[in-house]
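Quick caveat: nothing in here was measured; it's all calculated off a predicted structure. Below, chains carry the letters A, B, ... as their sequence lines are ordered, and counting in each starts from 1.
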Protein chains: 2
Amino acid sequence: MSTDPLSLTLSALAHPARRSMLATLTTGELTVSELAAPFDMTGPAVTKHLKVLERAGLIERLRDAQRRPCRLRAKPLKDVFLLIRPYQKFWDESFDRLEEYLAEQADGSQPTEQNG
Amino acid sequence: MSTDPLSLTLSALAHPARRSMLATLTTGELTVSELAAPFDMTGPAVTKHLKVLERAGLIERLRDAQRRPCRLRAKPLKDVFLLIRPYQKFWDESFDRLEEYLAEQADGSQPTEQNG
DNA sequence: TTTTTATGTTACCATATGGTTAATTAACCA
DNA sequence: TGGTTAATTAACCATATGGTAACATAAAAA
């Protein structure tokens, strides 16, 4: 697997359960059990998902007695945003959002790797 | 692996070579050899990367004699954009882009799975 | 027809992913 | 001490990923 930060972030996002966990964490810190509750999944499986998120820097682990609450760290998502944004002019072929297209042209941003 | 469209798109993006190929394709249609040129990679490896991109709907394969040119299809990236956008207010903790934060609040968008 | 070019398929390998059950650690409570 | 709760580790499994080398196919060029 690719171990550069952007690749780690993207593959962390490439699982519905992990995306759902991230979304849940926007409401605040949550324990592993709280995060696990909506899923039909054993504890170890949840632990593994959290490790993937942690390795990507998308969550931070804390301590509270025997609990290990998780906190959202959204910064890595900014690089995903910067990767995607230059493609905005390509995904709507009818160019009905012409303002955005022209704005992109004006600031000269082009999709490039490592990264926009 | 997860086979929902968004997961397929994100894992397709989770490799530097594939991101680089996509970026290159913004200049227009390219053959497999042209795409492969910058990489120290054998033919089969390139074919596999292209299949991952094709499965995610990020490229389209064409025919031109013995060539199979690739064309960028950026639409799936829009869903990545919609996934990421609601987190924008979280990744800059200093909230120095207050306008955007307030705009997001106004349109009531919250990060949720399946999707923003 | 033969050769070259462009690309794909097959078979194989090592490692990663995503899940399980069983056992273990860590901290609190009685 | 002993028991409960919270979470992780260990061991295992099936499948996917990312790469290789060797071979096969398709179309153009000589």
Side-chain angles (χ1 to χ4, degrees), chain A residues 1-22 24-25 28-72 113, chain B residues 1-22 24-25 28-71 113-114:
Chain A
M1 67 164 309
S2 310
T3 56
D4 61 288
L6 186 52
S7 296
L8 288 179
T9 302
L10 288 161
S11 47
L13 292 174
H15 194 291
R18 290 193 293 260
R19 291 196 298 275
S20 174
M21 288 172 182
L22 278 190
T24 308
L25 284 171
E29 288 171 21
L30 292 169
T31 66
V32 176
S33 336
E34 287 166 338
L35 277 172
F39 302 102
D40 183 20
M41 204 185 281
T42 59
V46 175
T47 294
K48 287 186 184 180
H49 283 305
L50 293 178
K51 282 195 170 168
V52 173
L53 289 169
E54 192 178 16
R55 181 142 88 115
L58 287 167
I59 62 167
E60 192 183 7
R61 310 301 308 269
L62 309 161
R63 312 261 347 190
D64 168 27
Q66 74 270 47
R67 265 151 255 112
R68 315 275 168 88
C70 302
R71 178 187 290 166
L72 178 68
E113 179 47 20
Chain B
M1 67 163 309
S2 310
T3 55
D4 61 286
L6 186 52
S7 297
L8 289 179
T9 302
L10 288 161
S11 48
L13 292 174
H15 194 291
R18 289 192 295 257
R19 291 196 298 274
S20 174
M21 288 172 180
L22 278 189
T24 308
L25 284 171
E29 288 170 22
L30 292 169
T31 67
V32 176
S33 338
E34 287 166 339
L35 277 173
F39 303 102
D40 183 20
M41 204 184 283
T42 59
V46 175
T47 296
K48 286 186 185 182
H49 284 305
L50 293 178
K51 282 193 172 168
V52 173
L53 289 170
E54 192 178 17
R55 180 144 87 115
L58 287 166
I59 62 167
E60 192 182 8
R61 310 302 307 269
L62 309 160
R63 309 264 346 192
D64 167 28
Q66 75 271 46
R67 265 150 258 111
R68 315 274 168 88
C70 301
R71 177 187 290 167
E113 179 46 22
Q114 251 61 266

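- Base-pair partner of C/dT17: D/dA14 (Watson-Crick or G-U wobble, both distances under 3.5 Å).
- Note that CG of B/Leu22 and CG of B/Leu53 are 5.0 Å apart. Values are rounded to the nearest 0.5 Å.
- A/Arg67 contributes no side-chain N or O that, together with a main-chain N or O of A/Ser33, makes up a donor-acceptor pair within less than 3.5 Å.
- Side chains of A/Arg19 and B/Leu6 form a contact here, defined as non-hydrogen atoms less than 4.5 Å apart.
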Please list each protein N or O that sits under 3.5 Å from an N or O in nucleotides 13-18 of chain C, with the distance.
from: C/dG18; atom 1: OP2; to: A/Arg18; atom 2: NH1; distance (Å): 2.8
from: C/dG18; atom 1: OP2; to: A/Arg18; atom 2: NH2; distance (Å): 3.3

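- For the pair A/Leu30/A/Met21, no side-chain contact is recorded, criterion being any heavy-atom separation below 4.5 Å from C-beta on.
- Looking only at side-chain heavy atoms (C-beta outward), B/Thr3 and B/Arg55 come within less than 4.5 Å of each other.
- In this structure, B/Arg63 places its CZ atom 9 Å from P of D/dA26, rounding to the nearest Å.
- B/Asp64 places its CG atom 13 Å from the P atom of C/dG8, with the value rounded to the nearest Å.
- Not a single salt bridge (charged side-chain N to carboxylate O under 4.0 Å, His left out) links B/Asp40 to another residue, sequence neighbours left out.
- A heavy-atom distance below 4.5 Å is not found between the side chains of B/Lys48 and B/Thr42.
- Using a 4.0 Å heavy-atom cutoff across all strands shown, A/Ala65 reaches sugar-phosphate atoms only and no base atom.
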Under 3.5 Å, N/O pairs linking protein and nucleotides 3-9 of chain D:
from: D/dA7; atom 1: OP1; to: A/Val32; atom 2: N; distance (Å): 3.2
from: D/dA7; atom 1: OP1; to: A/Arg68; atom 2: N; distance (Å): 3.4
from: D/dA7; atom 1: OP2; to: A/Ser33; atom 2: N; distance (Å): 2.9
from: D/dA7; atom 1: OP2; to: A/Ser33; atom 2: OG; distance (Å): 2.0
from: D/dT8; atom 1: OP1; to: A/Arg61; atom 2: NH1; distance (Å): 3.1
from: D/dT8; atom 1: OP1; to: A/Arg61; atom 2: NH2; distance (Å): 3.1
from: D/dT8; atom 1: OP2; to: A/Thr47; atom 2: OG1; distance (Å): 2.7
from: D/dT9; atom 1: OP2; to: A/Lys51; atom 2: NZ; distance (Å): 2.3

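- In this structure, the CG atom of B/Leu35 is 13 Å from the C1' atom of C/dA6, given to the nearest Å.
- Put simply, the side chain of B/Arg61 gets close to the backbone of B/Arg68: a donor and an acceptor are under 3.5 Å apart.
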